[in-house]
Protein chains: 2
Amino acid sequence: MSEDEIAPVARTVTIQDVARLAGVSTATVSRAIALPDRVAEATREAVFSAIRETGYTPNAAARSLRAKATRMVLVLLPGLGNSFFTPVLDALEEVFSSQGYGVLVGYARQSRSRETHYARLIRGGQVDGVLVITGNVPRDEEFVAVPETVPISLMFSDIPGTDQFSVFDVDNRLASATLVRHLIAEGHRRIAHIFGPEGSTESEERLLGYRDAHAEAGLQVDDALVWRGAGNFDFVSGDRAAAFYLSAAERPTAVFAAADEIALGFMRGLKNHGVSVPDDVSVVGFDDTEYAEHYDPALTTMRQPRTELGRLAAADLLRRMMAKGETLPRTHLRLPCELIIRESVRRL
Amino acid sequence: MSEDEIAPVARTVTIQDVARLAGVSTATVSRAIALPDRVAEATREAVFSAIRETGYTPNAAARSLRAKATRMVLVLLPGLGNSFFTPVLDALEEVFSSQGYGVLVGYARQSRSRETHYARLIRGGQVDGVLVITGNVPRDEEFVAVPETVPISLMFSDIPGTDQFSVFDVDNRLASATLVRHLIAEGHRRIAHIFGPEGSTESEERLLGYRDAHAEAGLQVDDALVWRGAGNFDFVSGDRAAAFYLSAAERPTAVFAAADEIALGFMRGLKNHGVSVPDDVSVVGFDDTEYAEHYDPALTTMRQPRTELGRLAAADLLRRMMAKGETLPRTHLRLPCELIIRESVRRL
DNA sequence: CGAATTCTTGTAATCGATTACATCTACTGT
DNA sequence: ACAGTAGATGTAATCGATTACAAGAATTCG
């Protein structure tokens, strides 16, 4: 209560201070913390009480320098604009922080200087592991040498032609085929596809699945119904794609959008022109983000197990980071997707 | 092209290696990097070519240890489940990474061990600054001493009774009043409020604004129309609140939800019971998240300048972190909100 | 031409924790 | 009672970069 009980001005307290107060050497303090049973009972008590009294917290930089490990992982995303990533990041943070790791986020796309920044972070030993989400490993010259330094894993998207990364994804092709097969089973014959971002593996795979389902059913794909150039996995792209529908020579009865957000934007765009879903046209998306379920109409889509994939990828990376020195063989984990049927498809 | 051009096995290359190769001391290498014009032209060249040849990147831990700065900031969120945060995080990452800072994300709520984890991160000098979003400063005993160590700023929510943090927010009370005033102007007299999460400053402020608008207009607030206990700023809470509407003795003609996600969930819940917005009841939200615009009906809401607030908060924190030593007076920045009129309100 | 000044570079201490090795004490077993 | 072993602790080197200080070389100026 009295004036002198106010906390003293925060001067950085080091292991030296604790050692002095406890009347032992710094080595003993360090041991008392890291290997408590290598230290005599009484000494341990003395050290811990000195720690409490001083409010000592080990300096992370000093520790990292010696241990050559930072207990930090870097998660590289193409951007957070899309709600697709939030459960993934949630899961990652949960697993990593529970093991005492910090999660650094970065958006690698677009800016060259950004890429360099993150490449440096990795090469400077600032992180113990890296998770690259959706295929955007900086193809920086500097970066190429990296996988030897720290483990790097890929999520949701493989990089064709390399096998140096562990991969955690789904079979986009198969899942898309299943989705389109569902439309066909509901009686649709004229099905359009809103293609995702150009240059992404997922986009290509989803298109292949779309074709597969057509081929299986003996249906011809009308190339005029593969709508490219919409842009990203976002609303705006979907909204823009509505124009393709409206101006189609012969309108499709169903549309497979490469992502939920595209599907939602598309439906909204249609609505502005008086076209109703699913009465006039059926729509399916991909991902099963939170909004798919709550939109009106609720969206039929293909669920990607985002949280689970996040947990598993994190656990795997953790294992690799622990295995300092030897390189474990790469993991390629593919989890199944699930068809979620809601209200946006009408049986013909 | 030939075999021996393959990159050599990555052994950590240190400043020593560069110095040796360039035929200078480590001090000179360090200077060549940090203060290029304090070094002779020829030497500088030699150093840089040695750096290129070895692929040297300075070790971050060593640097941090000496410099007592890590170039990392911690962003604490209550969770990422809500899309409200994505543009904020986007803006923060943009500003910080452009200045060479890394962004660590953490979810402080719920778990005690999590809090300790992040408190340690801060006290261990692992970050140079902290941004706490929506009022969740760990009230940990350990934490209380922290603000003296590194600058901490609050976003979107003040902590009553303290003035040790800088704050970046909006006037929730005023904005809510404006929103409700709009409903009143549109002819509504019986207006319900879906209260946000208990214990959050924002929730309380928004309720006050709701009352203010009523008082101004000489309207009596019917306490049965303040629906508490919905839960979080999310869909489920809104969906749950639909039950309050349906079971109301005398139904309101308009509903002010404490957040967009709540409003969306509410509308969806209503729809399942055949109640239509805005024909049967008008709805307004708060925040103006991406989905508000694209939902059907598009939501009338109060826009919070999330991106701008993020940029400004980041810039301010950056300034504080640079000003090592002296403590700058705290900033309290309040940005205006904007009423966004869409389709979810009907004029009575 | 010699003194004063400016440039350039090197030597070595430092940041704070960890840990190999050495030392000392206290047991154990014969 | 004494060698041998286990247990507890201290000493000092180490991780990799930065930087105060010193010293030597080059330049300027009266």
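Only heavy atoms go into these numbers, but all of them, side chains included; no hydrogens, no water, no symmetry mates. Proteins come first, then strands; the chains are lettered A, B, ... in the order of their sequence lines, and each starts at number 1.
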Could you state the [atom1]-[atom2] distance from [X] to [N], rounded to the nearest angstrom?
X: A:R44; N: D:dG7; atom1: CZ; atom2: P; answer: 14 Å
X: B:K68; N: D:dT18; atom1: NZ; atom2: C1'; answer: 12 Å
X: B:L65; N: C:dT18; atom1: CG; atom2: P; answer: 12 Å
X: A:E45; N: D:dA8; atom1: CD; atom2: P; answer: 14 Å
X: A:R31; N: D:dA12; atom1: CZ; atom2: C1'; answer: 12 Å
X: B:D37; N: C:dT6; atom1: CG; atom2: C1'; answer: 15 Å
X: A:R66; N: D:dC15; atom1: CZ; atom2: P; answer: 7 Å
X: A:N59; N: D:dC15; atom1: CG; atom2: P; answer: 18 Å

Check: B:T331/B:D316 side-chain N/O donor and acceptor closer than 3.5 Å =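 Result is yes, a qualifying pair exists.
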Base, sugar-phosphate or nothing for [X]? Non-hydrogen atoms, less than 4.0 Å.
X: A:T43; value: sugar-phosphate
X: B:V29; value: nothing
X: A:T28; value: sugar-phosphate
X: B:A40; value: sugar-phosphate

Among C:dA17, C:dT11, D:dG10, find the nucleotide with the atom closest to the side chain of B:S25.
->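 Side chain of B:S25 sits closest to C:dT11.
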Could you point out which residue of B:L131, B:V167, B:I133 forms a side-chain contact (heavy atoms from CB on, under 4.5 Å) with B:S153?
->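 Testing each of B:L131, B:V167, B:I133 against B:S153, the sole residue satisfying side-chain contact (heavy atoms from CB on, under 4.5 Å) is B:L131.
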Aromatic ring pairing B:F84/B:F156, orientation class (parallel under 30°, perpendicular over 60°, tilted between) =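 Taking B:F156 first and then B:F84, their aromatic rings stand perpendicular (interplane angle over 60°).
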Short side-chain N/O contact from [X] to OP1 or OP2 of [N], under 4.0 Å:
X: B:R63; N: D:dG16; answer: no
X: B:Y56; N: D:dA17; answer: yes
X: B:T14; N: D:dG16; answer: no
X: A:S30; N: C:dT18; answer: yes

B:D128 side chain vs B:T70 backbone, donor-acceptor pair below 3.5 Å =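 Yes, the answer is positive, given that a donor and an acceptor are paired below the 3.5 Å cut-off.
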Along DNA chain C (nearest heavy atom to each residue), the more 5'-positioned of A:A60 and B:E41 =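 Residue closer to the 5' terminus by nearest nucleotide: B:E41.
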The single option from B:H332, B:R320, B:R330 passing side chain to side chain donor-acceptor pair (under 3.5 Å) against B:S166 |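 Of B:H332, B:R320, B:R330, side chain to side chain donor-acceptor pair (under 3.5 Å) with B:S166 is met by B:R320 alone.
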